[in-house]
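Below you'll find the structure, written out as structure tokens, and then a few comments.
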Amino acid sequence: MNMTLLEPVFVGFLSFFSTVNSYAAMWRSAHASFYGEGDASGTMGGACGYGNLYSQGYGTNTAALSMAMFNNGLKCGACFEIRCVDDPQWCRPGSVIVTATNFCPPNGALPNNAGGWCNPPLHHFDLSQAVFQQIAHYGAGIVPVAYRRVPCRKSGGIRFTINGHSYFNLVLITNVGGAGDVRAVFIKGSRTGWQPMSRNGGQNWQSNTFFNGQSLSFKVVTSDGRSVVSYNVAPPNWSFGQTFTGLQFP
């Protein structure tokens, strides 16, 4: 069930514009490879907890981040623009924009320059095959890239999927625009005040309060300090397993 909300979005517009400008100037060096098959089925799930990336709206434009970039899951949902550089034999022109949805684990048994691509302190993107082939030829395997953070452009509102059971509310937060990577979440029942939620891996957020029979509101705070409040996004008769749509960062 989806709820359409008319309440205002509370955001810091000055923060938004300064964030966009800082993203535009910060190209950094990394490498990129790919995993899974051509249909990206091997990229489903992942350490960020998003599950089916098609149904959640991420599609094939996703990336697993190396340990140095993943930051224990804090970068889940962040968006990056990537282009292949300095390898005319394998690079294709243009760039792609991807969302961080997974973790590329280190492999201490292999050297950093021969298979240990995701070992610290390397910055590395493990892309879906479909996206990798937009910036490089399939046979390259791994290519040097330049990347930068960019604002996430998402269709529709932020989605809240309520899992768990009474006294264990596990809310998966997806389709977040703006900075994309959620750093704090607050929940409010119709009979409670605002309460902080704790991160339970990736973008799953947990509360142990009994909220059954109450309408639910959420405040989402991203890494740039901006926030969006979605009031009464879930009606009093919500049930576990449902997804509700709130407001979105502009």
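- Using bins of under 30°, 30° to 60° and over 60° for the plane-to-plane angle, the ring pair His31/His124 lands in the parallel bin.
- Put simply, the side chain of Asn107 never gets that close to the backbone of Gly116: no donor and acceptor are under 3.5 Å apart.
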Item to check | Derivation and outcome, side-chain hydrogen bond (donor to acceptor under 3.5 Å, both in side chains), residues Lys154 and Thr99 | outcome: CA-CA 10 Å; Lys154 302 300 181 184; Thr99 303; 2.9 Å; yes

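- The aromatic ring centres of Phe103 and Phe70 sit less than 6.0 Å apart.
- By the 30° and 60° cut-offs, the orientation of the rings of His165 relative to Phe168 is tilted.
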Next on the checklist: Show, in sequence, the C-alpha distance, side-chain angles and deciding distance for Phe160 and Phe244, and conclude whether the ring pair (Phe, Tyr, Trp, His ring centres under 6.0 Å) test is met.
Outcome noted: CA-CA 5 Å; Phe160 304 88; Phe244 303 91; 8.8 Å; no

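- Between Tyr58 and Tyr50, the gap from one ring centroid to the other is short of 6.0 Å.
- Of the possible polar contacts, none joining the Ser66 side chain to the Cys104 backbone as a donor-acceptor pair under 3.5 Å is found.
- For Gln248 (side chain) and Asn175 (main-chain N/O), a donor-acceptor pair under 3.5 Å exists by modelled atom type.
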Item to check | Intermediate values then yes/no, side-chain hydrogen bond (donor to acceptor under 3.5 Å, both in side chains), Gln214 and Asn212 | outcome: CA-CA 6 Å; Gln214 301 182 57; Asn212 294 30; over 6 Å; no

Item to check | Audit row: Phe218, Lys188, side-chain contact (heavy atoms from CB on, under 4.5 Å) steps and yes/no | outcome: CA-CA 6 Å; Phe218 294 94; Lys188 181 185 180 302; over 6 Å; no

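- Remark: the backbone N or O of Leu172 is not paired with any side-chain donor or acceptor of Gln203 at under 3.5 angstrom.
- In this structure, Arg149 is positioned above the aromatic face of Phe80, its NZ or CZ under 6.0 Å from the six-membered ring centre and within 45° of the axis.
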Checklist entry - Given Ile82 and Val98, is the side-chain contact (heavy atoms from CB on, under 4.5 Å) satisfied, shown in steps? => result CA-CA 8 Å; Ile82 305 172; Val98 297; 3.7 Å; yes

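- At least one donor-acceptor pair under 3.5 Å links the side chain of Gln242 to the backbone N or O of Ser239.
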